[in-house]
There are 2 protein chains.
Amino acid sequence: MTTTKPSGLAGIVAGETAICTVGHEGNSLNYRGYSVSDLAEHGTFEETAYLLIYGKLPTKTELKQYQDQLKALRGLPQNLKAMLEQIPASAHPMDVLRTGCSALGTLETEGSEHSQINIANRLMACFASMLFYWYHFSKSGRRIETQTEDASIASHFLHLLHGSVPEPIFASALDASLVLYAEHEFNASTFTARVVASTLSDFYSAITAAIGALRGPLHGGANEAAMELIESFHSADQAESGLLDLLAKKQLIMGFGHRVYKTSDPRSQVIKNWSRKLSEKNKNMSLFEISERIESIMWREKKLFPNLDFYSASAYHHLNIPTNMFTPIFVIARTSGWAAHIIEQRANNKLIRPGADYTGPAPRDWLPLDKR
Amino acid sequence: MTTTKPSGLAGIVAGETAICTVGHEGNSLNYRGYSVSDLAEHGTFEETAYLLIYGKLPTKTELKQYQDQLKALRGLPQNLKAMLEQIPASAHPMDVLRTGCSALGTLETEGSEHSQINIANRLMACFASMLFYWYHFSKSGRRIETQTEDASIASHFLHLLHGSVPEPIFASALDASLVLYAEHEFNASTFTARVVASTLSDFYSAITAAIGALRGPLHGGANEAAMELIESFHSADQAESGLLDLLAKKQLIMGFGHRVYKTSDPRSQVIKNWSRKLSEKNKNMSLFEISERIESIMWREKKLFPNLDFYSASAYHHLNIPTNMFTPIFVIARTSGWAAHIIEQRANNKLIRPGADYTGPAPRDWLPLDKR
C-alpha cells in the first residue's frame, strides 16, 4: 500500500456554474457578474440573496416584497421549539443549526406546499431564530419571541442575540459581512450541497450536509480559530513574538491564504475597513492593532495574505458576538449561495460519483472464524 | 451561456482508498480484499462492519466482544427520545434518521469521551432504535424499549419493527442484505461523507450529510422506487405489458444498471436467492415472478441488468418491512462503510475543493436600485 499526498480535486473541474467567479481577473470575486465589493458597499444581503437565488438584482418593488416575505418567515413551529429545548447549552451552535435545519425538513417537507425557493428563503429567515431560541432557552430557560420587526436579517440576528434593536452601524457591518460570505463557487460546503442534490435528495438534506461541511476548521470554522489566535495576545508586540514562536513550531495559522486566490482575498479589505470602523466606534483599537501586526508578520514571514475569515473575527467581536456564533453567521449568509447551487445542479443534473485509486489488499480467500 | 451535459466526475479519481474495490475484476466487489459473496454467505454484518472499520476480520473473541459492545449501545438518551416524539408520523424515515443522527451529535459530541470508532458503532447500533422509537410513538403514542437482547443488528431491527424476536431465517436474510449494502467505494453518499470530513468537521456531520445524500432516488432511494414499480403490477404478464409501456414513454426504471458495473452487479444474485427463499417460506411467489419478468424484459429491451436495489425490494417486502423503511436499512449497513472512509480520509487529509467552469455573465457595473 502506497500513500501519496491527496490532491483534494484541486484544479479538477467538477461542473459548470453561472453563479460566481472566483479569481478570474486576478483576485476578483463576482456574483453573477457583479463584484462583491460593489454588492457589499452599495447593496444589502437581501439584494445579494435575491441576485443569487433569482438570478438578477431585484427592482425596488421586488426588494420590498422580498424583505417582507423574509420578515414573515422568522417564526418557529412549536415542534421545532420543543426539539431545540432538548439541546444542551454545551452543544456547538453549528450542531444546533445542522439539527434544526434537518428537523424543519420533517415539519415543512419539500413539496408542492414548500418549493425549493421558499425553503431557501425560510432557512435564511429563521436560522437566527433557531440559534437564539436554543441559546437563550439553554442558558436561562427563557423562551424568546423570534418574530421581530427588524428590517434586515442582520438586524434580526443582533436583535435576538442581544435582546434589543441594534444601532444601524452594527446592523450594517453584519449585513456587509453576510454579503461577503454569501457565495464562493465550488467550495467544500457548496460542493457537498451539490453532491447531495445530485442524488435528487431533498433541499433540507443538501443544506444540512453543507452546514456539516462548513463546520470544519479548514472551512467555515476558520474565523473562530482566527479569533482564538488574536485573543490569545494582549498587545501587538506580544502578538509578534508569539506568532513567530507558532510559525517556528510550524503551526497552521488560520485565516491566511486561500486555495483559489494567490495574491489577496478581495473580501479582506472590505471587512478590514469594517473592523477598523467598529473598533473606532467602540473606542478600543487593541484587537485591530493585534490583527494588523499578525497580518504584516504573516506577509513578511510566509508571503500569506489574510482571507475573509481573519478580519471577520475582530469585526464580529466588536459586534459583541460570541466566538462560537461566528460560523453560524457564515451559514446564514452562505445559504443563499448553497440554494443557488442546488437549484442550478437540479436544473441540469447528473449524479456526482467520482472514482478512486485502490491501495488495499489484493483479492483473498475467505478466512473462516476458527482459522483467524 | 452554454449548457453541456454534466459529467458528474465520472472516471475522475478523487482520492485513494484501501477499503474496497468495485468492478476491478469484471463485476467483482471486494471489501478489503474479501469478496462480498463470501462475506454474505459465510460471514455476518457484524464481522463485515468490524472488517471495514478495524481493517481486519475479527477473531472469535473479538467478534463476541464486538457483538456485546454493539448490543449495549441500543438505548437512546432521554433528550433524543423527546426530540423524536416531536417528529410527525408523516415524516420520511430518512429525515428522521438524518435528524436523529445530527441530534445525537449535540448530546454525545465527538471528543475524548466519544471517539470516532465509538460513534460509528453507536450509530450502527442505535439507528434502528431511533427509527422505531419514532415510528411507534408517532403512529400510536407507544414508547418502546429499544435495548433488546437480540444477537444481531438485523434481529434488533426486525424485533423493534414487529414487536417480537424474528424467526432466524428472516434475521439471516436481513443480515445478508446489510453485508451487501455495507460498502461501495466512492459512491455519492460516501463521497459526501469524505468531503465533509475533509474540512475536519466532526463525525456526526459527515454521517448526517451522507444520510442526506443516500436519501435521493438516484442513490439509496432506488430500492423504494423499485418496490413501487413491482407492486404496481399484479402478474408477470401484466408487468410485461406495463413495463413495455413505460419503456416506450422513456421512463427511467429504477434498480437497473450501474455507473461502475457494466455487465452485472455481483450483489444481485445473492439478494435474488434470498428473495426466492423468502417467497418460498412465505408461500407467495407472485412478487418474485413479477420481478423475474421485469428482469428479463429489461435485459431483452435495454441490455440492463438488475442492481442490488432491485431484488432487495421484494426480499424486504417478504420480511414485512414497510417500503419507506428500505433506505433506512441501507443507512444502517452503509454506516460501516462511511465510517471506514471518514477514518481513512482523516488519516491522510486534504480539503476536497474542486473547480468549476463559469458560464454566467461577464463582469458588469453596479446597477443602483433606482436604475433597475
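Every heavy atom of this structure was used, including side-chain atoms; hydrogens, water molecules and symmetry mates were not. Note on naming: letters A, B, ... go to the chains in the order of the sequence lines (proteins, then strands), and numbering restarts at 1 for each one.
If you measure heavy-atom distances from B/F191 to chain A, the contacts under 4.5 Å come from the side chain alone. Only the side chain of B/T208 comes within contact range of chain A, with at least one heavy atom under 4.5 Å from a heavy atom of that chain. With a 4.5 angstrom heavy-atom cutoff, A/Q345 does not touch chain B via any of its atoms. For a residue to count as touching a neighbouring chain, one of its non-hydrogen atoms must lie under 4.5 Å from one of that chain's; by this rule A/H184 touches chain B with backbone and side chain alike. Only the side chain of A/N30 has a heavy atom closer than 4.5 Å to any heavy atom of chain B. For chain A, the nearby part of B/A362 is the backbone; its heavy atoms alone come within less than 4.5 Å. With a threshold of 4.5 angstrom between heavy atoms, B/H92 does not approach chain A through any atom at all. Interface remark: A/D365 contributes backbone atoms only to the contact with chain B (heavy atom separation under 4.5 Å).
For the 3.5 Å distance criterion, the side chains of A/S102 and B/R98 qualify, holding a donor opposite an acceptor.
Electrostatic pairing of B/D38 and A/R364 does not count as a salt bridge here, judged by no charged N lying under 4.0 Å from a carboxylate O. At a threshold of 4.0 Å, the pair B/D370-A/K60 does not count as salt-bridged, since none of the basic side-chain nitrogens sits closer than that to a carboxylate oxygen.
Per-residue heavy-atom pair counts under 4.5 Å with chain A were compared for B/S35, B/P88, B/P58, and the maximum is reached by B/P58.
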